[in-house]
Amino acid sequence: MGSFYHQIFVTLVLLLSIFLPCSLSSTTRRFEFNVKWKNVKRLCNTRPVLTVNGEYPGPTISVHEGDNVEVKVTNRVDMNTTLHWHGIRQLRTGWADGPAYVTQCPIGTGKSYTYRFTVVNQRGTLWWHAHLSWQRSTVNGAFIIYPRMPYPFSVPIQEEIPITFGEWFNSDVMAIEKDMMLTGVGPNASDAYTINGLPGPLYNCSLKDTFIKTVEHGKTYLLRIINAALNDELFFAVADHTLTVVEIDAVYTKPFTTKAIMIAPGQTTNVLLTANQKPDSTGMFVLAARPYLTSIFPFDNSTTIGFLKYKTTKSKETVELPLPPYTLPSNLPALQDTEFATEFANKLRSLGSPQYPCKVPKKVHKQVITTIGLNLQDCPPNKTCKGFRNQRFLASMNNQSFIRPPISILECHYKNLSMANLFSNFPEKPPVPFNYTGVNSLTENMNAEFGSKLVVVPYGTRLEIVLQDTNFLNPENHPIHVHGHNFFIVGCGFGNFDAEKDPLHYNLVDPPERNTVAVPIGGWAAIRIHADNPGVWFIHCHLEEHTTWGLAMGLVVQEGKNPSQCLIPPPDDLPPC
Ligand SMILES: *[C@@H]1O[C@H](CO)[C@@H](O)[C@H](O)[C@H]1NC(C)=O
Ligand SMILES: *[C@@H]1O[C@H](CO)[C@@H](O)[C@H](O)[C@H]1NC(C)=O
Ligand SMILES: *[C@@H]1O[C@H](CO)[C@@H](O)[C@H](O)[C@H]1NC(C)=O
Ligand SMILES: *[C@@H]1O[C@H](CO)[C@@H](O)[C@H](O)[C@H]1NC(C)=O
Ligand SMILES: *[C@@H]1O[C@H](CO)[C@@H](O)[C@H](O)[C@H]1NC(C)=O
Ligand SMILES: *[C@@H]1O[C@H](CO)[C@@H](O)[C@H](O)[C@H]1NC(C)=O
Ligand SMILES: *[C@@H]1O[C@H](CO)[C@@H](O)[C@H](O)[C@H]1NC(C)=O
Ligand SMILES: *[C@@H]1O[C@H](CO)[C@@H](O)[C@H](O)[C@H]1NC(C)=O
Ligand SMILES: [Cu+2]
């Protein structure tokens with residue numbers, strides 16, 4: 001290279017490095033995910049399960065804050081699929097978010113799609129999962145974002161312990177979903193809960209499938225806890241140990257110590273555990289998870305356990321299961337302990353430090369009030385329904401039971417196709433006000449309407465959504481997940497939301513920031529969103545049965561004026577419908 005051109009080249013590189021510090025300093029992390037069947041045996045029952053790369057549970061993705069991520073997903077099964085990076089903001093990259101028929105058409109058999117996105121200003125534990133049908137039952141894994149700065153808690157961490165809860169079904173999960181929609185009844189419950197895919201010794205044939213983690217006395221561990229169960233909120237506790245919550249949904253919290261946690265499907269919780277107890281001769285402490293039950297439907301009410309094993313001074317360490325019976329931790333809340341669930345939720349607070357300020361919108365431009373709840377729908381003509389009163393179960397938001405259209409809503413919106421008009425105008429208030437949580441649970445008319453309606457807001461809108469549970473059939477705690485944005489839970493309570501009084505008690509200082517809120521049973525939660533991410537974003541209950549029944553809606557955030565407030569163009573390999 002001649003010296004003149006060399007000079008220009010150096011100048012260009014210098015200029016680039018000034019204007020593009022991030023893109024030059026960040027790394028691109030690439031992953032290959034093959035969706036394929038794999039035979040897995042649990043509870044003496046072998047069945048083919050859908051996996052990524054033949055792994056059950058699925059592989060962990062570990063990246064650093066600021067990294068670019070590329071996951072090439074290849075579909076090697078006889079059904080459509082998509083993957084979702086749960087909790088990742090997907091700033092301007094809505095094409096990579098994943099919910100089928102919302103941000104993309106599915107990846108067909110034999111086809112590939114590369115999800116490309118950057119992890120911006122997030123750190124902690126998230127996860128990834130399939131987002132079509134009930135595939136996420138086994139197609140899921142941890143998504144860990146390591147911080148660039150030291151943790152805000154000063155305790156040295158000896159080791160990280162990933163703990164993902166799941167549900168094991170002895171029969172085909174997709175058939176359960178199909179069956180449920182065909183008959184109109186509630187779905188079959190799972191046969192076991194699992195810790196990292198292991199049910200533990202309280203289930204048949206499962207002694208060898210038990211989670212055991214060796215720890216050292218006096219050391220502190222960071223537990224990265226994910227609830228990947230399909231339909232169940234869970235309590236979790238470790239016998240004789242307390243847990244210190246430090247992060248939820250990849251956002252730091254003000255640390256607090258608790259005897260147990262409640263974690264809803266979709267949520268993640270990082271806790272510190274110090275091995276500071278006096279072990280007995282076995283050196284084992286039971287850790288356990290069982291559901292927080294708020295439903296009348298048949299539920300899996302079983303318990304999964306594993307063990308913390310304190311290291312001894314013996315030179316040869318053997319890790320053997322203690323003999324039964326196994327005593328559950330006395331600090332594990334009972335199945336219907338709403339009091340504990342409420343107390344726990346109320347202790348969650350954003351860290352709100354100078355380095356990690358709590359950016360809760362203090363004022364809002366728009367408020368949407370929506371019911372969330374179940375429905376009992378008249379049977380379609382010439383069909384047989386086996387739900388209550390020979391009707392069928394459904395679910396809705398503001399009486400709209402969401403149907404996914406056979407197209408990508410995001411694509412329609414981006415290309416301004418005429419169909420996009422069909423999707424707007426989600427009702428911003430309940431169409432018929434009633435005593436939401438006081439009405440008879442077996443009201444005569446509990447029908448919903450079918451639709452694919454969306455709330456549309458301009459870029460930058462500060463939006464409040466009040467989620468109001470209803471009594472139809474039964475009140476229930478619903479974990480509502482918002483794609484593409486975190487939100488702040490500024491208030492929640494039991495009974496009906498009071499638009500006059502309740503906002504007076506909002507926490508606008510350090511409310512918890514997360515991507516999934518467990519709305520109190522027979523109550524409400526108010527969340528605030530800074531809608532700064534253009535695109536189409538799915539909002540839905542993370543109990544899979546409820547999403548299938550239609551407890552969902554969409555939020556459209558329009559593009560802003562400058563290019564950094566616009567979606568990037570759709571990638572070339574975006575699957576067609
Ligand atoms: C659901 O459970 C019922 C009763 O145990 C059983 O007959 C049926 O086959 C199950 N359905 C599926 C899809 O596994
Ligand atoms: C567990 O195994 C026993 C004995 O084999 C059997 O009687 C029982 O039905 C099994 N329980 C379940 C839940 O499969
Ligand atoms: C769990 O459910 C079974 C059957 O549905 C019931 O017999 C049992 O009592 C329940 N267990 C608890 C602890 O509620
Ligand atoms: C329902 O059945 C009746 C008589 O069997 C038939 O006339 C009618 O066309 C059917 N309706 C639908 C929607 O299939
Ligand atoms: C989108 O389409 C509508 C009507 O079909 C039209 O009024 C509007 O100008 C279009 N917007 C853009 C950005 O093309
Ligand atoms: C709603 O119903 C509950 C229970 O019946 C009752 O206590 C409450 O007063 C009702 N609220 C209103 C606004 O009618
Ligand atoms: C919901 O919509 C159905 C069908 O239009 C209607 O019959 C019902 O009264 C509505 N219910 C509520 C609570 O809005
Ligand atoms: C897979 O997705 C395509 C595109 O939406 C659709 O046409 C096809 O029917 C789907 N296949 C199955 C088996 O659902
Ligand atoms: Cu729900």
Side-chain angles (χ1 to χ4, degrees), residues 35 45 47-50 75 77-82 99-111 113 130-135 137 167-191 230-231 297-300 369-378 380 386 391-392 394-412 426-451 453 468-473 496 545 548 550-551 574-577:
V35 177
N45 190 301
R47 69 172 183 88
V49 303
L50 211 54
N75 178 354
V77 296
D78 49 355
M79 56 175 80
N80 287 328
T81 194
T82 71
Y101 303 112
V102 178
T103 60
Q104 70 166 98
C105 297
I107 307 168
T109 301
K111 298 285 195 307
Y113 176 48
H131 215 304
L132 176 57
S133 181
W134 286 17
Q135 294 174 4
S137 161
E167 282 183 270
W168 170 263
F169 294 80
N170 278 335
S171 57
D172 176 19
V173 181
M174 264 61 83
I176 293 174
E177 183 197 12
K178 276 204 194 87
D179 216 42
M180 167 182 113
M181 290 313 273
L182 207 65
T183 60
V185 301
N188 284 2
S190 55
D191 295 286
L230 267 191
N231 292 321
F297 289 102
F299 247 88
D300 178 352
I369 301 181
T370 175
T371 61
I372 53 176
L374 304 182
N375 297 87
L376 194 56
Q377 192 79 8
D378 294 339
K386 296 181 180 159
Q391 290 173 284
R392 63 181 167 137
L394 275 186
S396 63
M397 298 179 76
N398 270 352
N399 210 34
Q400 294 290 313
S401 187
F402 191 86
I403 307 243
R404 288 184 230 197
I407 46 153
S408 154
I409 303 178
L410 178 61
E411 214 173 328
C412 264
F426 178 84
E428 290 171 10
K429 278 197 214 102
V432 184
F434 60 99
N435 189 342
Y436 308 109
T437 53
V439 73
N440 181 342
S441 63
L442 276 179
T443 303
E444 214 35 57
N445 178 5
M446 286 189 273
N447 282 293
E449 276 167 22
F450 294 97
K453 295 190 177 167
Q468 172 70 60
D469 191 22
T470 76
N471 248 31
F472 282 175
L473 291 167
N496 298 335
E545 56 178 311
T548 306
L551 210 168
L574 188 68
C577 269

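Both counts, for ligands and for their atoms, begin at 1 and track the order of listing. We number each residue from 1, following the sequence as shown.
Per-residue contacts place Asn399 under 4.0 angstrom from the following atoms of ligand 7 (heavy atoms of the residue considered): 1 (C), 2 (O), 3 (C), 8 (C), 10 (C), 11 (N), 12 (C), 14 (O). Within ligand 8, the atoms closer than 4.0 Å to a non-hydrogen atom of Tyr101 are 2 (O), 5 (O), numbered from 1 in the order shown. Which parts of ligand 7 touch Glu449 is read off a 4.0 Å heavy-atom cut-off, strictly below it: atoms 2 (O), 4 (C), 5 (O). Interface atoms of ligand 8 facing Pro106, defined by a heavy-atom separation under 4.0 Å, are 2 (O), 5 (O). Taking a cut-off of under 4.0 Å to the non-hydrogen atoms of Asn447, the atoms of ligand 7 that pass are 1 (C), 2 (O), 3 (C), 8 (C), 10 (C), 11 (N). Near Asn445, with a cut-off below 4.0 Å to any heavy atom, the atoms of ligand 7 are 6 (C), 7 (O), 8 (C), 9 (O). When each atom of ligand 7 is checked for a heavy atom of Val432 under 4.0 Å away, the hits are 14 (O).
Checked by atom type and distance alone, the side chain of Asn75 never pairs as donor or acceptor with a backbone atom of Lys111 at under 3.5 Å. Put simply, the side chain of Gln468 never gets that close to the backbone of Ile369: no donor and acceptor are under 3.5 Å apart.
Residue Cys577 places a heavy atom under 4.0 Å from ligand 8.
Between Ala100 and Arg404, the closest heavy-atom pair is O-CD, 3.4 Å. Shown here for Ala448 and Gln377, the closest heavy-atom pair between the two residues is N-OE1, 2.8 Å. Among all heavy-atom pairs drawn from Thr109 and Val77, the shortest one is OG1-O, 2.9 Å.
Each of Thr371, Thr470, Asn375, Thr370 was scored for a side chain to side chain donor-acceptor pair (under 3.5 Å) with Ser396, with one residue passing: Asn375.
Side-chain polar atoms of Asn496 and Asn435 form a donor-acceptor pair below 3.5 angstrom. For the residue pair Thr82 and Gln104, no side-chain donor N or O sits within less than 3.5 Å of a side-chain acceptor on the partner.
Partners of Asp378 by side-chain hydrogen bond (donor to acceptor under 3.5 Å, both in side chains), not counting sequence neighbours, listed by chain and number: Gln391, Asn447.
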Measure from every N or O atom of ligand 1 to the protein's N or O atoms and keep only the pairs below 3.5 Å, writing each with atom names and distance to 0.1 Å.
residue  : atom   : partner : partner atom : Å
ligand 1 : 2 (O)  : Asn188  : OD1          : 3.2
ligand 1 : 2 (O)  : Asn188  : ND2          : 2.3
ligand 1 : 11 (N) : Asn188  : ND2          : 3.0
ligand 1 : 14 (O) : Ser171  : OG           : 3.2

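A ring-centre distance under 6.0 Å is found for Phe434 and Phe472.
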